[in-house]
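See below for the structure under consideration.
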Amino acid sequence: MSSAPRPELDKRFDPQSFEMTWYRLQEESGQFRPEVASEDASPYTLVIPPPNVTGRLHVGHALGRTLEDVLARWKRMQGRAVLWVPGVDHAGIATQMVVERDLMERTGKTRHDVGREPFLEICREWADARRGDILNQIRRLGCSCDYSREYYTLDEPRSRAVRRAFSELYHQGLAYRDSRMVNWCTRCATVLSDLEVNHVESSGQLWSVAYPLEDGSGDLVVATTRPETILGDTAVAVHPEDERYTALVGKRVRLPLTDRLIPVVADEMVDRTFGTGVVKITPAHDPNDFEAGRRHGLAEIAVIGFDGKMTAEAGPAYAGLERAAARKKVLVDLRELGLRRDDKPHTSAVGRCQRCDTVLEPLVSLQWFVKIKPLAEKAVAATEAREVTFTPELWKKTYDEWMKNIRDWCVSRQLWWGHEIPAWYCPEGHVTVPKPGEDADPSACVRCGNVTLTRDPDVFDTWFSSWLMPLSVLGWPEKTKDLSRFYPTDVMVTGFDILFFWVARMIMAGVWFDGRVPFREVFLHGLVRDERGQKMSKTKGNVIDPLVMCDEYGADAVRFALAILSGTGRDLPFGTTRVAASRAFATKVWNAARFAMGMLGEETVAEVPAFASLGRVDRWILDRLSATAAKVNESLGVYRFDEAANALYAFFWTEFCDGYVEMVKQVLRDPEVPEAEKAKTRSVLHRVLLDSLALLHPFMPFISCEIREALNGDGAKLPVLPYPAGRDDWSDPFAVEVVETLRETATRVRNLRAERGMAQTVELAAGLEVPEGPVAEALRAHGPLLVHMARLSSLVVAPKVDLPGAFHEHVGVAGLVVSLPKRDLSPDDEARIRKEIAAVDKEAEGIGRKLADESFLARAPQAVVEKVRRQLEELTARRTKLVTNLGEGTTP
RNA sequence: GGGAGGCUAGCUCAGUGGUAGAGCGCCUGCUUUACACGCAGGUGGUCGGGGGUUCGAUCCCCUCGCCUCCCA
């Protein structure tokens, strides 16, 4: 195959010395572009979940990108036209926050001080300067993305898509503007969607306050967790069927701390068992009260403003106070008035800002919403029809549940950084939104023709651009070539934490705007934790930087560790010992290759001679290689990256290195073995190594190329070479049985020495008892090999073997007889043997009971009964030998 | 309040209707000319408690306990 002299592999395995060299070569050669495949190759498309421009690649990204790259490289080697589109998210709130903080630190100015346009310019500069960084971090991991198609969620094509989507929704009557109760962050000074609210259980107080009846006949006691909102109460409510209060409905109470009289109303929403069964109604500051207020036609008095301070409506004593200060003052004032009743500790869920953790304020505000139900219904129809499938499947249930209870999406944000909302208002308050396809800004009001138009000052929720991703990165709304060839994409890989934020919304956008699903499969991976299963957090100091890990252990090791850890559970315990274990594996591969190169010589070809003409050991390893390739392909097909990585690890280390290489060493060094046989074995050794590296390539894209280059001169081509598959013609169960018997025999002999404290160098005489036939013949043929493997002085293969001090065992398909020197039984030996006898007895008892059970014999499958019988025979034989050893006081 | 998931070796996790596996750890040997990031051998689990279905359950069903997460 390769005729050029092979470059040496360094004795020391140093991933840093070659990883990025190979990456650059791969990227520059165009292998990451779908055009590298043939014209008629079927496409395989993925879109990278865009990392925030504010961020640095963290382990969660590293996991997702690794799994995507494994898929991309695997499919590419299978000849698909792989398109993996990379991109970066402009991250509305996050970026604005960082830039504002930076501005404050540098100049002491707020964004309002510098003004909107200059501030946006600063944001743009800042983001542009960082966009490259995050993509370079993705490169460091080895991701084979097509950078020629890179996207940025705030670039021109993506802006067109956002504008188009909004325009369509508006003209379909699905985007509307309304004054509603929303989640308001007083610190970020913007509205947030329901999804951006973190509900945090926190312990607080439940205060009881007496509201005097207007007629002086007593008072009603209400319980509240937010006394400062009393100032905005416009009613108190009781349950309509609560006899305690029915007589009071329609009467009025005097609102403490104010001079207002408010009605007592009856409403079904009141929980009679909560507190006294009387609740205060504050329509402007509580979502439930807001609904109740509209039902009863109550006034909405806002006593807390958008800045988190009390408004003039709260009265001169409170206006201007912070929420928390107002609460204290209200409580003190109520006490002075003698209106406080008992207080109780109380825990309740408080909504906090996902970004800054500030306690959110429910406030009534005029915002843009998307009526999402029609989209959700269409999306659910698509998932029901399995046009999109979920792995693991259980997430579909979660998705269904959310979709069923979905609420309208608040898409406007009071930020500057983001996609501006394409809505204009005339002095009359009419709304003008350009029609789909109209790219120019409107010049006059559509209703009244007034040319004085003001653009909506708000921007869209960042997710309003993200949800269009699979469409917009391929060029939608234009009918581009990429869109027709690569859409719908094949798979979306991401963490389950953004199932609602992103995955569900993308499905809705896909089916709504294009009529097709955005991807055919969703693979949701777990969350990366530290090695003890703890959530990573800055405060705990257990955050692991994947890039630092790449520098210390190599990207190949980081990737392999992530893949092998990505099991079926929700969490992945990741850390240095895991990565170190993967690096140890990489080192093993490296050293195995170094050894092989020494054995192969210059002229060895990797073309394997006819399978049937090969020796049994060679057929065994090819059988195992083929089975491993089949397993890897099968596992990757169902997103079981852990299974695939495990299969490769076990095959390469245990079967290839510890098994095959050790056996073949002897054969290749034995001057007695004919050169023609050695040549065959060398070609098999070569082939297995090359195929192993190919199988490994999606997981370890660098070391695989480095070694292929040294071994076969084709490292540069490896990413586009065919991926090995299982081969029916490389199957030989008999060879597997024989070789496995040889290996077990060697293990048992070594184990006998260890049990007796004998040095492994002591040679022993051994025999294998097996009736004459093909098995005996095969074992006899491998006699010299076994003598070497197990360090025997002699080996007999016969139906019956007699040796002095014989010790009998059953291994694989044969009976093992080993001649051991007699010696006194030590107390340790005796204890060990007694323990073993007890264990054997216990097991035999269970099995005996089974075999005595008529229903077992009648109903269990024949194969199982046979197996159990054999087990009992073996146990009985073992017991006899153990008892003999014990009884003699000596042991062979 | 509603929903989901978990409980398997010291730790972190795979797994199967026929009495259990990996990595790391631990113990014992080993300068075996590819590899101590190694080699060889070993230790270690009534598969959360109880009940049921079954010839047989760690795996299916019920129940209890503990933990985690999501939604409201």
Side-chain angles (χ1 to χ4, degrees), chain A residues 9 11-13 194-195 197-199 271 287-288 349 351 392 394-395 397-402 404-407 496-497 499-500 526-527 529-535 553-554 557 561 564-599 640 642-643 645-647 649-650 653-654 657-658 661-662 665 669 746-761 788-791 832 842-843 846-847 849-861 863-865 867-868 871:
Chain A
L9 288 177
K11 192 166 162 57
R12 201 174 74 90
F13 166 57
D194 295 334
L195 278 180
V197 179
N198 287 337
H199 294 273
D271 175 3
N288 289 324
L394 73 95
W395 289 112
K397 247 190 265 180
T398 311
Y399 159 93
D400 283 339
E401 204 58 32
W402 188 70
K404 210 168 70 192
N405 301 314
I406 198 164
R407 303 212 316 238
F496 60 77
D497 51 328
L499 176 61
F500 304 145
L527 263 27
R529 310 250 164 180
D530 79 1
E531 272 177 314
R532 282 173 306 175
Q534 303 227 339
K535 203 170 177 172
Y553 296 92
I564 208 163
L565 284 170
S566 70
T568 56
R570 289 189 178 199
D571 299 338
L572 291 79
F574 181 76
T576 51
T577 61
R578 312 296 182 138
V579 183
S582 292
R583 183 189 53 180
F585 178 55
T587 309
K588 188 72 184 175
V589 174
W590 183 263
N591 283 311
R594 282 207 306 133
F595 167 78
M597 285 184 69
M599 298 305 270
R640 286 302 303 268
D642 60 326
E643 275 185 4
N646 257 315
Y649 184 99
W653 203 315
T654 310
C657 290
D658 295 345
V661 169
E662 289 306 319
K665 235 184 222 177
R669 281 175 183 157
T747 296
R748 188 60 189 133
V749 172
R750 290 186 201 117
N751 159 261
L752 283 170
R753 287 197 193 91
E755 273 179 0
R756 280 158 185 74
M758 298 163 69
Q760 291 297 340
T761 46
H788 201 277
M789 285 163 73
R791 283 191 186 248
R832 180 173 49 76
K842 198 179 159 199
E843 204 177 331
I847 291 175
R849 207 179 310 122
K850 226 180 219 181
L851 286 171
D853 187 341
E854 277 175 37
S855 50
F856 171 72
L857 297 174
R859 300 193 196 202
V864 173
V865 176
K867 193 178 152 196
V868 171
Q871 277 175 354

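In what follows, chains are A, B, ... by sequence order, proteins preceding strands, each numbered from 1.
Here A:Arg578 lies in heavy-atom contact (under 4.0 Å) with a base. Nucleic acid contact class of A:Ala754 (heavy atoms, under 4.0 Å, all strands): sugar-phosphate only. In this structure, A:Glu531 reaches the sugar-phosphate backbone alone: every heavy-atom distance under 4.0 Å involves primed, P, OP1 or OP2 atoms, never a base. Using a 4.0 Å heavy-atom criterion, one finds that A:Leu857 contacts no nucleic acid atom at all. A:Arg791 comes within 4.0 angstrom of nothing in the nucleic acid, heavy atoms only. A:Arg583 comes within 4.0 angstrom of a nucleotide base, judged by non-hydrogen atoms across all strands. Using a 4.0 Å heavy-atom distance criterion, A:Val868 is classed as making no nucleic acid contact. Within 4.0 Å of A:Arg640, counting heavy atoms only, lie sugar-phosphate atoms of the nucleic acid but no base atom. A:Phe496 comes within 4.0 angstrom of no nucleic acid atom, judged by non-hydrogen atoms across all strands. Within 4.0 Å of A:Lys665, counting heavy atoms only, lies at least one base atom of the nucleic acid. Residue contacts shown for A:Asn405 are absent, as no nucleic acid heavy atom lies under 4.0 Å away. The residue A:Ala580 sits apart from the nucleic acid: no heavy atom pair falls under 4.0 Å. At a threshold of 4.0 angstrom between heavy atoms, the contacts of A:Thr761 with the nucleic acid are absent.
For B:G42 and B:A34, the C1' atoms lie 26 Å apart once the distance is rounded to whole Å. Only the P atoms considered, B:A22 is 22 Å distant from B:C37, to the nearest whole Å. B:U12 and B:G17 have their C1' atoms separated by 27 Å, given to the nearest Å. Comparing the P positions of B:C66 and B:A20 gives a spacing of 31 Å, expressed to the nearest Å. Comparing the same atom, C1', in B:G5 and in B:G48 gives a spacing of 16 Å after rounding to whole Å. Taking atom P in both B:C26 and B:C69, one finds a spacing of 31 Å when rounded to whole Å. Remark: the separation of the P atoms in B:G15 and B:G21 is 15 Å, to the nearest Å. Remark: the separation of the C1' atoms in B:G23 and B:G44 is 15 Å, to the nearest Å.
For A:Val661, the listed nucleotide lying nearest its side chain is B:A34; candidates were B:C13, B:C24, B:A34. Comparing B:A72, B:G18, B:U12 against the side chain of A:Pro573 picks out B:U12 as the nearest. Distance from the side chain of A:Ala592 is smallest to B:A34 among B:U19, B:A34, B:A72. Among the nucleotides B:A4, B:G18, B:C24, the one closest to any side-chain atom of A:Leu394 is B:A4. Comparing B:G18, B:U19, B:A34 against the side chain of A:Phe856 picks out B:G18 as the nearest. Set against B:G18, B:C24, B:A4, the side chain of A:Lys850 has B:G18 as its closest nucleotide. Closest to the side chain of A:Phe500, from the set B:C71, B:U19, B:C24, is B:C71. The listed nucleotides are B:A40, B:G18, B:A34; the one nearest the side chain of A:Gln760 is B:A40. In this structure, the nucleotide among B:A40, B:C24, B:A34 sitting nearest to the side chain of A:Tyr649 is B:C24. Checking B:A34, B:A14, B:G18 against the side-chain heavy atoms of A:Asn591 singles out B:A34 as nearest.
No hydrogens or angles were tested; on distance alone, a donor-acceptor pair under 3.5 Å links the side chain of A:Glu662 to the base of B:A34. A donor-acceptor contact under 3.5 Å is formed by the side chain of A:Thr587 with the base of B:C37.
Although no hydrogens or angles enter the test, the distance criterion places no donor-acceptor pair under 3.5 Å between the side chain of A:Gln760 and the main chain of A:Arg753. Of the possible donor and acceptor atoms, one in the side chain of A:Glu531 sits under 3.5 Å from a partner among the backbone N and O of A:Thr577.
Atom-to-atom, CZ of A:Arg594 to C1' of B:C35 comes out at 7 Å; the value is rounded to the nearest Å. Counting to the nearest Å, the P atom of B:A72 and the CG atom of A:Asp194 are 7 Å from each other. If you measure from atom CD1 of A:Ile564 to atom C1' of B:A14, you get 10 Å, rounded to the nearest angstrom. In this structure, the CD atom of A:Glu643 is 13 Å from the C1' atom of B:C13, given to the nearest Å. In this structure, CZ of A:Arg529 is placed 16 Å from C1' of B:C11, rounded to the nearest angstrom. Distance CH2 (A:Trp395) to C1' (B:G6): 12 Å, rounded to an integer number of Å. Rounding to whole angstrom units, CG of residue A:Asp853 and C1' of B:G18 are separated by 13 Å.
Within the model, atoms CG of A:Asp530 and OG1 of A:Thr576 stand 10.0 Å from one another, a figure rounded to the nearest 0.5 Å. Note: A:Met597 CE to A:Leu9 CG = 5.0 Å, rounded to the nearest 0.5 Å.
For A:Arg750, a side-chain nitrogen or oxygen approaches OP1 or OP2 of B:G41 to under 4.0 Å. Contact annotation: A:Thr398 does not reach the phosphate of B:G3 (side-chain N/O to OP1 or OP2, under 4.0 Å). Note on A:His199: a side-chain N or O is less than 4.0 Å away from OP1 or OP2 of B:A72. When the side-chain nitrogen and oxygen atoms of A:Trp653 are compared with OP1 and OP2 of B:C39, one or more of them lie within a distance under 4.0 Å. A sub-4.0 Å separation between OP1 or OP2 of B:A34 and a side-chain N or O of A:Arg12 is absent. For the pair A:Lys588 and B:C39, the criterion of a side-chain N or O lying under 4.0 Å from OP1 or OP2 is met.
The 5' end of RNA chain B is approached more closely, in terms of each residue's nearest nucleotide, by A:Gly567 than by the other of A:Gly567 and A:Phe585. Taking the nucleotide of RNA chain B with the nearest heavy atom to each of A:Val197 and A:Lys11, the more 5' of the two is matched to A:Lys11.
Other residues, nucleotides and ligands place no more than 12 heavy atoms under 6.0 Å from the NZ atom of A:Lys535.
Taking the side chain as every heavy atom from C-beta outward, A:Glu643 and A:Asn646 never approach each other to under 4.5 Å. Using a 4.5 Å cut-off on side-chain heavy atoms (C-beta onward), A:Phe500 and A:Ile406 make no contact. A 4.5 Å side-chain heavy-atom check between A:Phe856 and A:Val864 finds at least one atom pair inside the cut-off.
By the 6.0 Å and 45° rule, A:Lys588 does not stack over the aromatic ring of A:Tyr649.
Both distances falling under 3.5 Å, in either a Watson-Crick or a G-U wobble arrangement, occur for no nucleotide opposite B:C35. Nucleotide B:G41 is matched to B:C27 when pairs are restricted to Watson-Crick or G-U wobble geometry with both distances under 3.5 angstrom. Nucleotide B:G5 forms a Watson-Crick or G-U wobble pair with B:C67, both donor-acceptor distances falling under 3.5 Å. Pairing of B:A20, defined by two Watson-Crick or G-U wobble distances under 3.5 Å, is not identified with any nucleotide.
The two residues A:Ala790 and A:Ala746 come nearest to each other via the heavy atoms CB-CA, 3.8 Å.
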